[in-house]
Number of protein chains: 2
Amino acid sequence: MARDTEKRRLELRETLTDIAERHVREEGTASLRARALANEAGCAVGAIYNVFEDMTGLILSVNGRTFQRMGEYVLKSAADKAPQKPADQLVTIAHAYLNFASENPNLWRALFDVEMPSDREVPAWYLDELGKLFSIIASPLSELNPTADAREIDLLTRALFSSVHGIVLLGLEQRISGVPSEQLEEMIEIVLRNFAASQART
Amino acid sequence: MARDTEKRRLELRETLTDIAERHVREEGTASLRARALANEAGCAVGAIYNVFEDMTGLILSVNGRTFQRMGEYVLKSAADKAPQKPADQLVTIAHAYLNFASENPNLWRALFDVEMPSDREVPAWYLDELGKLFSIIASPLSELNPTADAREIDLLTRALFSSVHGIVLLGLEQRISGVPSEQLEEMIEIVLRNFAASQART
DNA sequence: TTGTCCTGTGAACGATGTTCAATGAGCTAT
DNA sequence: ATAGCTCATTGAACATCGTTCACAGGACAA
């Protein structure tokens with residue numbers, strides 16, 4: 001019996017995540033409604049709270065999938081163009097990140113829009129996924145600068161990721177930056193290549 | 001009579017903006033309540049809507065002040081250290097931006113958190129203020145690269161601003177990046193100096 | 001059949017931003 | 001001074017929202 005309900009709940013979790021994912025993709029996180037979800041899933045509103053802690057938990061579940069897909073997408077992009085010089089790898093990775101974000105703007109934005117009540121802690125897998133992204137960047141960086149120790153590489157990784165993230169973020173917010181998306185690739189390339197060039201001189 | 005009500009409304013606008021600014025500074029945009037504001041201002045809830053289009057309009061009013069103060073702060077920081085070489089100017093400006101953001105995290109975040117209904121347009125002064133920030137950056141950039149045309153400078157400006165913005169953004173979101181704030185200055189400096197060095201070689 | 005769990009239910013709750021009929025203050029004309 | 005009119009202000013009412021929890025009803029053991 002216990003097994004049975006557990007299975008049913010797992011299915012409901014997945015069904016709800018499916019529906020929520022579609023909504024977020026099409027309309028963004030802000031338009032998620034508990035009642036609409038329950039309707040489409042054919043369950044009661046309360047059922048959502050049997051399976052998720054709250055709406056934020058559901059969004060985190062959607063974000064889990066997005067992180068997964070984004071990681072695969074970036075890795076595949078890098079693999080498809082391998083072998084490349086480290087600087088080119090960085091550009092490839094960053095462009096893949098930009099591409100994923102512009103093709104899935106709402107899902108991508110949801111990754112960073114989650115409003116966490118200060119008491120609630122970020123799930124461990126969330127930081128894990130971010131760590132994976134970082135490690136993809138760290139690899140060509142170490143190659144580019146073999147003498148740097150782990151702490152330096154870590155710092156550079158976060159700096160570069162944040163930079164590219166910022167360009168993508170303000171770039172997709174077209175109402176703020178007004179930058180056409182072709183130029184975003186150029187901007188990313190400028191920052192990364194300038195960085196790589198200086199790094200090589202060291 | 002018409003003059004009188006206009007004056008009264010202007011005062012209410014300012015009073016409400018005062019109160020809202022304090023709330024945002026202390027608790028963030030998410031904790032703004034129309035009823036609480038009306039209470040503290042000693043007016044009816046409806047009065048808010050006589051003076052602002054909606055809550056978003058009020059937040060925009062707060063953001064106007066923040067933009068103002070931030071612009072002055074950044075300019076003053078640059079002036080205090082003048083004269084500097086272009087690369088040093090860029091670092092000074094970026095550090096000032098970081099400083100302002102970490103000293104006023106909630107107010108700063110509010111600048112970019114405004115959720116605009118897709119139909120409503122961003123106020124012109126909003127883009128103006130951003131333009132001012134950009135021009136502060138563009139100046140040392142032109143000096144650094146005198147042969148670049150306006151379009152190139154514009155691109156570089158947005159790229160650098162977005163990069164620094166990204167570092168500040170993910171840096172202040174300590175639960176995501178976990179980067180101590182001293183290292184943020186270092187990260188910014190790395191990106192900017194590497195950029196400036198490559199630029200100088202051109 | 002009866003009794004005992006336990007699970008899913010959905011009406012109810014407490015907030016929220018926003019609206020709009022009603023109030024009343026202040027000005028004008030007599 | 002008084003009556004009448006205009007219009008800004010009001011705050012109760014409305015529509016929604018996420019979230020809860022007393023309860024109904026099904027599954028299983030005795």
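Heavy-atom basis, side chains included; hydrogens, waters and symmetry copies ignored. Note on naming: letters A, B, ... go to the chains in the order of the sequence lines (proteins, then strands), and numbering restarts at 1 for each one.
In terms of modelled atom types and a separation under 3.5 Å, the side chain of A:E143 and the main chain of A:P86 share no donor-acceptor contact. Judged by distance alone, with hydrogens and angles left aside, the side-chain atoms of B:S135 form a donor-acceptor pair with the main-chain N or O of B:K132 at under 3.5 Å. Judged by distance alone, with hydrogens and angles left aside, the side-chain atoms of A:S61 form no donor-acceptor pair with the main-chain N or O of A:G57 at under 3.5 Å.
One atom, NZ of A:K7, and another, P of C:dG8, lie 14 Å apart when rounded to the nearest Å. Taking atom CG of B:L16 as the reference point, atom P of C:dT18 lies 13 Å away to the nearest angstrom. One interatomic measurement links the two molecules: CE of B:M55 to P of D:dC17, which rounds to 19 Å at whole-angstrom precision. Counting to the nearest Å, the P atom of D:dG18 and the CG atom of A:N39 are 13 Å from each other. Between A:E6 atom CD and C:dC6 atom P there is a gap of 15 Å when expressed in whole angstrom units. Straight-line distance from the CD atom of A:E11 to the P atom of C:dT7: 16 Å, rounded to whole Å.
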Throw together a table of side-chain donor-acceptor distances under 3.5 angstrom for residues 184-192 of chain A, partners on residues two or more places apart or in other chains.
unit_1	atom_1	unit_2	atom_2	d
A:E186	OE1	B:R151	NH2	3.4
A:E189	OE2	A:R193	NE	3.1
A:E189	OE2	A:R193	NH2	3.4

Sequence neighbours left out, cut at 3.5 Å: what donor-acceptor pairs do the side chains of residues 27-36 of chain A make with other protein atoms?
unit_1	atom_1	unit_2	atom_2	d
A:S31	OG	A:G28	O	3.2
A:R33	NH2	A:A30	O	2.3

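Side-chain atoms of B:E115 and B:T56 include no donor-acceptor pair closer than 3.5 Å.
Residue pairs meeting the ring-ring contact (aromatic ring centres under 6.0 Å, His included) criterion with at least one partner in residues 50-85 of chain A, sequence neighbours excluded, are A:F67-A:Y126, A:Y73-A:F100.
The stretch residues 26-35 of chain B touches DNA chain D through B:R35, each having a heavy atom under 4.0 angstrom from the strand. The stretch residues 40-54 of chain B comes close to DNA chain C through B:Y49, B:D54, each having a heavy atom under 4.0 Å from the strand.
Close placement of the B:F134 and B:F161 rings is indicated, their centers lying within 6.0 Å of each other.
The aromatic rings of A:W108 and A:H165 are tilted relative to each other, their planes meeting at an angle between 30° and 60°.
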Dot-bracket summary - DNA chain D, pairs being Watson-Crick or G-U whose distances fall under 3.5 Å, with | when paired to another strand: ||||||||||||||||||||||||||||||
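Between B:R65 and B:D18, at least one side-chain nitrogen of the basic residue sits less than 4.0 Å from a carboxylate oxygen of the acidic one, meeting the salt-bridge criterion.
Across A:L107 and A:E21, no two heavy atoms sit closer than the pair CD2-O, 4.0 Å.
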